[in-house]
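Okay, so here's the structure we're looking at.
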Amino acid sequence: MNNNNDHIFVIFGASGDLTKRKLLPAIYNLYLYDQLPEKFAVVGTARSKMTDDEFRNIIIKAIKQYENVNDENKLADFSKLLFYIPADTEQNSSLLNVKKKLEEVRKNKGIGSNTIFYLSTPPSLYYVIPELISDAGMNQETDGWKRLIIEKPFGYDLESAQKLNEGLMKNWNEEQIYRIDHYLGKETVQNILVTRFSNGIFEPLWNRNYIHRVEITSAEDIGVEKRGGYYDSSGALRDMVQNHLLQLAGLIAMEPPASLEAMEIRSEILKVFRALKPINENDVSKFAIRGQYLSSVVKGKSVPGYRDEENINPDSKTETYAALRFYIDNWRWGGVPFYIRTGKRLPTRVTEAVIHFKPTPHFLFTQESSIESCNQLILRIQPDEGILLKFGMKVPGSGFKVQNVNMDFHYTDLNNQRVAPAYERLIFDTMSGDKTLFAAANEVMATWKFLKPVIDAWEKDKSIPVYGYPAGTWGPENADELILEKGMTWRYPCKNLTNDGIYCEL
Ligand code: BG6
């Protein structure tokens with residue numbers, strides 16, 4: 001990495017789970033693959049009192065837990081790049097400590113004043129910390145760049161997101177702010193752009209004339225785990241749809257950008273978000289379904305219902321499942337339904353987008369399955385990352401009977417290539433000043449604006465049900481009602497439910 005990128009990486013919330021599970025393992029891998037700048041240090045800060053060495057030991061332990069460590073000496077060398085300073089962000093002067101620590105580390109390591117500040121804290125501190133950083137004069141770019149990475153959720157709804165952004169803009173400029181959406185860091189998500197725009201064969205068909213509908217699923221088999229406090233005030237719509245899934249829809253629906261410049265790509269995605277057809281608050285039930293998982297027995301084990309989980313209100317109406325139908329009002333997509341669903345405690349973990357093509361105008365052959373199993377392009381984001389095209393082929397023998405067959409590519413076939421995890425890619429991009437894979441403020445506002453009627457109706461209208469679904473199933477059956485066409489259903493990618501797990505075909 002270029003010397004202009006020498007910097008200190010400051011993590012607020014350094015004793016938290018995200019730091020241990022994702023951020024420092026990602027930076028450790030950048031170190032292993034020689035992608036860190038020559039002069040570099042991490043300064044962690046949080047409320048707990050710890051010395052540099054205590055922090056290093058905690059992180060060494062975490063990296064051993066989450067990564068395959070082959071060379072302990074290298075890990076020990078890496079840990080020497082880590083420093084720690086306690087700070088209580090409830091006290092105005094607390095960041096003076098941090099400032100002093102940064103100056104000390106800079107002096108000792110000969111690092112200039114470039115700095116990345118990563119907010120890995122509860123969202124309520126997204127308002128507070130950037131202001132404290134600027135009160136301490138640490139956001140000034142007079143002698144080097146200053147970048148601020150903010151985790152999702154960026155706001156709780158349209159109003160709070162606007163307020164948060166206005167607050168940030170008092171002391172920071174948009175160029176300095178990196179709003180992280182880790183889905184954009186996934187290799188397979190970026191591959192949507194390459195699949196669409198490097199192949200002449202897809203783009204001519206990529207519109208309302210040939211595409212019947214688009215379906216995006218992000219299923220998780222885990223429940224809320226230890227995140228009840230956050231999740232109960234969030235829910236699936238805010239946690240997954242507003243950001244990850246609408247970003248996926250944006251990449252699938254966008255026009256070809258003029259170049260790969262961040263501005264060009266972000267502005268095409270923004271155009272998609274601005275074209276999302278508004279849902280009328282009174283019609284929300286026709287376009288959106290919510291559900292909550294109930295206790296059940298999954299793979300022979302009993303699992304608690306959502307309301308019995310730790311830190312969840314026993315009367316909670318928070319959705320752990322959300323499904324939506326929506327439209328994009330522009331020339332390419334007018335009238336094509338987009339279906340999105342996501343949920344916790346579904347049968348398995350799978351994220352994929354399915355492009356369903358229209359059937360041929362006059363079908364000559366005999367086919368056992370319905371038209372919906374005709375041509376589909378499946379972009380599998382995770383797991384078993386890859387792409388699959390389903391098409392009709394003659395069943396050998398007499399007559400003209402058609403069966404569906406698959407043409408597929410799996411990332412695992414590229415067995416000599418390492419696919420970097422999302423956080424690693426996004427942290428590297430921030431270090432290089434590349435904002436292509438970060439959501440801009442206007443995109444975030446546009447998605448909150450689109451979801452506002454659903455959020456408001458789900459909050460105010462008590463007659464809109466929160467359907468219960470047994471843990472380990474594909475969510476409430478009522479979600480099928482969103483699919484307009486008779487005889488068509490969501491794609492259920494995983495069929496064989498066994499005690500050993502689930503086989504998920506691409
Ligand atoms: C996070 C959500 O942004 O994404 C979590 O807050 C969710 O609730 C996670 O589990 C899913 O990410 P991935 O990469 O495992 O699909």
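These numbers were taken from a predicted model, which means no experiment stands behind them. Start at 1 and go down the list; that is how both ligands and their atoms are numbered.
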Quiz item: Heavy atoms under 4.0 Å from ligand 1: which residues qualify?
Solution: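 Under the 4.0 Å cut-off, ligand 1 touches Lys152, His182, Tyr183, Lys186, Glu220, Arg227, Asp239, Met240, His244, Lys344, Arg349, Gln382.
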Quiz item: Does Glu459 come within less than 4.0 Å of Lys317, counting only side-chain N to carboxylate O?
Solution: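 Looking at Lys317 together with Glu459, the answer is no, because their closest N to O distance does not fall below 4.0 Å.
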Quiz item: Would you call Glu352 and Arg491 a salt bridge, taking side-chain N to carboxylate O under 4.0 Å as the test?
Solution: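 Looking at Glu352 and Arg491, the cut-off is met.
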Quiz item: Under the salt bridge (Lys or Arg N to Asp or Glu O under 4.0 Å) test, which residues partner Asp157, sequence neighbours left out?
Solution: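 Not a single residue meets the salt bridge (Lys or Arg N to Asp or Glu O under 4.0 Å) criterion with Asp157.
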Practice problem: Please name all residues satisfying salt bridge (Lys or Arg N to Asp or Glu O under 4.0 Å) with Asp17, sequence neighbours left out, ordered by chain then number. | Solution: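 In terms of salt bridge (Lys or Arg N to Asp or Glu O under 4.0 Å), with neighbours along the sequence ignored, Asp17 is linked to Arg21.
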Self-check item: Residue pairs, two or more places apart or on separate chains, that pass salt bridge (Lys or Arg N to Asp or Glu O under 4.0 Å) and touch residues 439-455
Solution: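 For residues 439-455, and leaving out neighbouring residues, the salt bridge (Lys or Arg N to Asp or Glu O under 4.0 Å) pairs sorted by first residue read Glu159-Lys452, Arg266-Glu443, Lys452-Asp456.
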Quiz item: Is it true that Tyr31 and Tyr33 have ring centroids separated by less than 6.0 Å?
Solution: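 Between Tyr33 and Tyr31, which both carry aromatic rings, the centre distance is not below 6.0 Å.
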